[in-house]
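All values below come from the heavy atoms of this structure, side chains included, with hydrogens, waters and symmetry mates left out. To find a chain, count down the sequence lines: A is the first, B the second, and so on, and within it residues start at 1.
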Number of protein chains: 2
Amino acid sequence: MRIGELADRLGVNPKTIRFYEARGLLPDPARLPSGYRDYGPEDESRLAFIKTAQRLGLSLDEIGEILAFKERGERPCSYVLSVLAAQLSDIDRRIGELVRLRAELVVLKDRADQLATGDACYCGIVEHAGRIGQATTR
Amino acid sequence: MRIGELADRLGVNPKTIRFYEARGLLPDPARLPSGYRDYGPEDESRLAFIKTAQRLGLSLDEIGEILAFKERGERPCSYVLSVLAAQLSDIDRRIGELVRLRAELVVLKDRADQLATGDACYCGIVEHAGRIGQATTR
DNA sequence: GTATAGCCTTCCCCTTGCTGGAAGGTCAAG
DNA sequence: CTTGACCTTCCAGCAAGGGGAAGGCTATAC
């Protein structure tokens, strides 16, 4: 199948497929006489694998590592487990950050709704936030 | 004060200050005879404003909009409020996504810990996730 | 007087994960 | 024969800066 069909099947942009190829995540595909890329089922499953891993939060570099394990005939599962564990703690950190930020935004919005609009500043809403949120983690 | 001192005071990289200048967020500063940038207190408060707004999740483009209001002598607060409201719903969406992803990762990890290691695949952990998580939002 | 260290300047390239466009080739239908 | 939908390559760019080169300024130490 040609690149457009593969892209449609998996809901990605054809450009993305070429990009993965350039990054070494997909092998150089066979070519039709016209020069068009020609993909088979194993390309489809490899691409699906990449997309699933990405949805789990793995970077393309990490996915490349995992695929390289396969090329060497090794099982990457312990590597994957360590990556997933790192993912998990990173996600917990990000959720915590977002929850803190959310609370701060709610305070700002409530305050802004009853704010006297008289003082000369860029914007009292944001400027006041500086005083509230000094201790917040970056 | 020179760029390094301004950067130290606000805990940013001097490169970041030059970058904001190139983006038009900070005005072209005065220069010392040596050609070094020379900043005053109003630059410091403007930079602090940018950093606070950024911590609230605003993009540099949005911050630029807000600063442009000020240049026109208008009060940006209603614009800021709409941006903050959008931020809030975006944050809720992202928190929901992360919580779902977290649950999925926990399932994968638990399953992987007791997984028989006999089947021929890139990695049973990730491949199994494809079957679990089909309905998950991108 | 000079060396050396620590600033500063501009410049361009690197990152992540793509996306868009330009300029051109291929192929089937009307 | 032309139109339109594909495809090819390469170049350029987004956010939000970071890294480092090559060179200029200046204060302090010797």
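- B/Arg31 has no side-chain polar atom (N or O) that falls below the 4.0 Å cut-off from OP1 or OP2 of D/dC25.
- Among the nucleotides D/dT8, C/dG17, D/dG17, the one closest to any side-chain atom of B/Gln54 is D/dG17.
- No hydrogens or angles were tested; on distance alone, nothing pairs the side chain of A/Lys15 with the base of C/dG17 as donor and acceptor under 3.5 Å.
- Nearest to the side chain of B/Arg23, among D/dC7, D/dA15, C/dC8, sits D/dA15.
- Remark: A/Arg37 is in phosphate contact with D/dT8, judged by side-chain N or O atoms under 4.0 Å from OP1 or OP2.
- If you check every strand for non-hydrogen atoms under 4.0 Å, B/Leu32 touches nothing.
- The separation between B/Glu62 atom CD and D/dC14 atom P is 17 Å, rounded to whole Å.
- In this model, the phosphate group of C/dC18 is approached by a side-chain N or O of A/Lys51 to a distance below 4.0 Å at OP1 or OP2.
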Could you walk me through whether B/Asp43 and B/Arg46 pass salt bridge (Lys or Arg N to Asp or Glu O under 4.0 Å), step by step?
CA-CA 5 Å; B/Asp43 296 302; B/Arg46 185 155 172 145; over 6 Å; no
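- Put simply, B/Ser34 has no side-chain N or O that comes within less than 4.0 Å of OP1 or OP2 on D/dG24.
- No donor-acceptor contact under 3.5 Å links the side chain of B/Tyr20 to the base of D/dG17.
- Under the side-chain contact (heavy atoms from CB on, under 4.5 Å) test applied with A/Ile3, the options A/Ile17, A/Asn13, A/Asp8, A/Asp38 reduce to a single match, A/Ile17.
- A sub-4.0 Å separation between OP1 or OP2 of D/dA15 and a side-chain N or O of B/Ser59 is absent.
- Contact between the side-chain N/O atoms of B/Arg18 and the OP1/OP2 oxygens of C/dC8 is not found at any separation under 4.0 Å.
- Atom pair B/Asn13:CG and C/dC14:P shows a separation of 19 Å (rounding to whole Å applied).
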